[in-house]
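Below: one structure, written as structure tokens.
Remember, it's a predicted structure, so these values are computed and weren't measured experimentally. Numbers here simply count residues along the sequence, with the first being 1.
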Amino acid sequence: MRSIVSIVRSLGATLVLGGLVGVSGCSGPERGGDAGRVVIYTALDREFSEPILRDYESETGVRVDAKYDVESTKTVGLTNSIIAEADRPRADLFWNNEILNTLRLQRLGLLEPFTPEQAGAIPDQFKADDGTWYGFAARARVVIVNTDLVAESDRPTSILDFADPKWKGKAAIAKPLFGTTASHAACLFEVWGEERGKAYFRELKGNDVAILAGNKQVAQDVASGRFAIGLTDTDDAMVMIEQQGAPVAIVYPDQGEGGLGTLFIPNTLAKMKGSPHPSAADALADAILRPEVEAALAAGPSAQIPLLDSTDAPARVETPRTIRAMGVDFEAAAARWDEVARFIREEFAVDP
């Protein structure tokens with residue numbers, strides 16, 4: 001692997017896309033553990049994940065075929081592809097930018113246990129008991145506020161504020177069927193229960209909260225002044241603040257005494273059962289689940305939060321160690337997903 005300095009520079013550089021061959025253009029998977037090729041489906045934004053994969057390809061000579069998601073469907077599209085390919089897997093690894101859909105695949109029996117070199121450095125709450133997935137590089141679910149439109153004293157302090165008539169027609173969230181917003185919805189249903197969870201989303205609908213394509217669009221539209229506040233992830237908010245110089249600020253919600261806390265969602269890495277290139281998959285998994293990569297993601301534009309005990313890198317955002325974190329059973333939340341998705345589709349008339 002390249003040095004941390006090299007990786008960080010790559011993450012900050014302007015990318016020339018197309019350096020990796022997309023899976024859609026590949027021939028069928030080659031069985032038998034061919035160590036010269038590996039296929040990874042990647043939900044972390046391409047601008048953040050591609051430099052890591054390209055560096056690995058360059059350093060090892062192993063051909064990395066990557067299939068990326070699109071902002072409008074995020075992890076759901078890749079998850080559905082993996083499910084559809086279950087009888088003859090094309091992917092070796094799934095680098096998910098959240099946890100819910102990884103757990104869905106686990107429940108369907110589509111993941112293979114593996115043990116990366118850094119498994120012992122990953123806290124128990126961020127890895128599967130059966131070794132089928134490992135968490136790293138988290139993001140927080142935060143409120144992004146346009147500081148030109150909202151005085152500091154008037155900033156919302158809770159996700160409950162999105163239902164306050166004060167923000168009627170002035171707030172936005174991403175589609176609650178995809179990505180981290182879907183994970184957030186399932187976690188709220190698990191913590192609050194079905195009745196309170198449904199009531200909350202109906203309150204958002206009644207308060208004319210806009211439903212946008214993705215978290216990036218939420219951050220961009222708050223930065224532009226189209227909306228005063230939005231619910232997004234720290235990576236999208238930090239890009240607006242540090243790269244765009246936009247008039248926005250981050251609020252970590254629900255920090256008061258007895259508050260719900262801010263939800264932190266890790267990236268997850270999983271190996272597919274029946275992986276076409278198992279030895280190459282293990283090697284790439286070892287390369288991704290390293291403190292150098294976590295440190296690079298923390299230092300790069302996405303400002304992700306290191307989780308490995310072995311990662312020695314400062315975070316540029318708040319972490320579960322510095323603020324009140326939302327306590328949630330991710331596996332129980334994943335078990336609720338079908339009921340939550342059905343409710344969201346019916347209530348918001350959102351296409352899957």
Side-chain angles (χ1 to χ4, degrees), residues 43-44 71-76 79 96-104 125-126 135 138-144 156-163 171-194 196-205 207 209-219 222 229-237 250-255 259-268 304-305 317-318 320 323-345 347-348 350 352:
L44 181 65
E71 184 71 15
S72 60
T73 59
K74 296 306 293 182
T75 55
V76 173
T79 301
N96 192 359
N97 71 341
E98 49 90 34
I99 190 170
L100 177 72
N101 283 285
T102 302
L103 290 170
R104 289 179 62 210
Q125 65 266 39
F126 294 117
R139 291 167 295 161
R141 295 286 295 162
V142 297
V143 179
I144 185 170
T157 59
S158 168
I159 62 170
L160 297 175
D161 291 330
F162 281 69
I173 65 172
K175 289 180 183 178
L177 288 175
F178 308 117
T180 53
T181 311
S183 292
H184 202 169
C187 289
L188 290 174
F189 270 68
E190 172 55 26
V191 171
W192 283 338
E194 179 181 357
R196 181 68 188 96
K198 287 182 175 180
Y200 174 69
F201 281 96
R202 285 173 175 146
E203 289 165 6
L204 297 189
K205 181 180 178 182
N207 210 36
V209 172
I211 307 295
L212 305 184
N215 290 307
K216 183 180 297 185
Q217 283 71 32
V218 171
V222 171
I229 62 172
L231 192 60
T232 189
D233 297 331
T234 42
D235 60 339
D236 294 307
I250 291 173
V251 173
Y252 295 87
D254 300 290
Q255 292 300 300
L260 187 64
T262 296
L263 180 62
F264 289 86
I265 298 178
N267 279 258
T268 50
Q304 304 213 17
I305 301 163
V317 295
E318 300 291 350
I323 62 172
R324 180 189 297 272
M326 179 179 172
V328 64
D329 182 336
F330 285 116
E331 292 188 2
R336 284 184 172 270
W337 172 243
D338 287 341
E339 92 181 64
V340 174
R342 184 165 49 251
F343 166 75
I344 294 293
R345 281 194 292 267
E347 190 68 24
F348 289 89
V350 177

- Are any of the side-chain heavy atoms of Ile265 and Leu100 separated by less than 4.5 Å? no
- Item | Between CZ on residue Phe348 and CD1 on residue Ile173, distance to nearest 0.5 Å | 6.0 Å
- Query: Would Thr181 and Lys175 satisfy side-chain contact (heavy atoms from CB on, under 4.5 Å), going step by step from the backbone distance to the final call?
  - Reply: CA-CA 7 Å; Thr181 311; Lys175 289 180 183 178; over 6 Å; no
- Message: Whether Glu339 and Arg342 form a salt bridge (side-chain N of Lys/Arg under 4.0 Å from carboxylate O of Asp/Glu) is what I want to check.
- Response: no
- If every non-hydrogen atom of Ala163 is compared with every non-hydrogen atom of Asn207, which pair is closest and at what distance? C-ND2, 3.5 Å
- Would you say the side chains of Asp235 and Gln304 form a donor-acceptor pair under 3.5 Å? no
- Message: Within the structure provided, determine whether Lys198 and Glu347 are in side-chain contact (heavy-atom separation under 4.5 Å).
- Response: no
- Which pair of heavy atoms, one from Ile99 and one from Ser183, lies closest together, and at what distance? N-OG, 4.3 Å
- Pick out which of Asn101, Thr79, Thr102 makes a side-chain hydrogen bond (donor to acceptor under 3.5 Å, both in side chains) with Asn96. Thr102
- Side-chain touch Ile305/Glu318, heavy atoms, less than 4.5 angstrom: no
- Note on the structure: Nearest heavy-atom approach of Gly214 to Ala174 is C-CB, 3.5 Å
- Query: Would Asp254 and Met326 satisfy side-chain contact (heavy atoms from CB on, under 4.5 Å), going step by step from the backbone distance to the final call?
  - Reply: CA-CA 9 Å; Asp254 300 290; Met326 179 179 172; over 6 Å; no
- Task: Considering non-hydrogen atoms only, spot the tightest contact between Asp329 and Glu190 and give its length.
- Result: O-CG, 4.1 Å
- List the steps and the verdict of side-chain hydrogen bond (donor to acceptor under 3.5 Å, both in side chains) for Asn215 and Arg141. CA-CA 10 Å; Asn215 290 307; Arg141 295 286 295 162; 3.0 Å; yes
- So, do Phe343 and Val340 sit near enough that their side-chain heavy atoms are less than 4.5 Å apart? no
- Of all heavy-atom pairs between Ala140 and Thr262, which one has the smallest distance, and what is that distance? CB-CG2, 4.0 Å
- Query: Do Arg104 and Trp337 have side chains that get closer than 4.5 Å, going by heavy atoms?
  - Reply: yes
- Given side chains that start at C-beta, do those of Val142 and Val251 come closer than 4.5 Å, heavy atoms only? no
- Is there side-chain contact between Ile250 and Val143, with at least one heavy-atom pair below 4.5 Å? no
- Taking NZ, NE, NH1 and NH2 as the nitrogens, is one of them in Lys216 or Asp236 under 4.0 Å from a carboxylate oxygen of the other? no
- Task: Report yes if the side chains of Asn267 and Glu98 come closer than 4.5 Å at any heavy-atom pair, otherwise no.
- Result: no
- Query: Which atom names give the shortest non-hydrogen contact between Ala172 and Phe162, and what distance separates them?
  - Reply: O-CE2, 3.8 Å
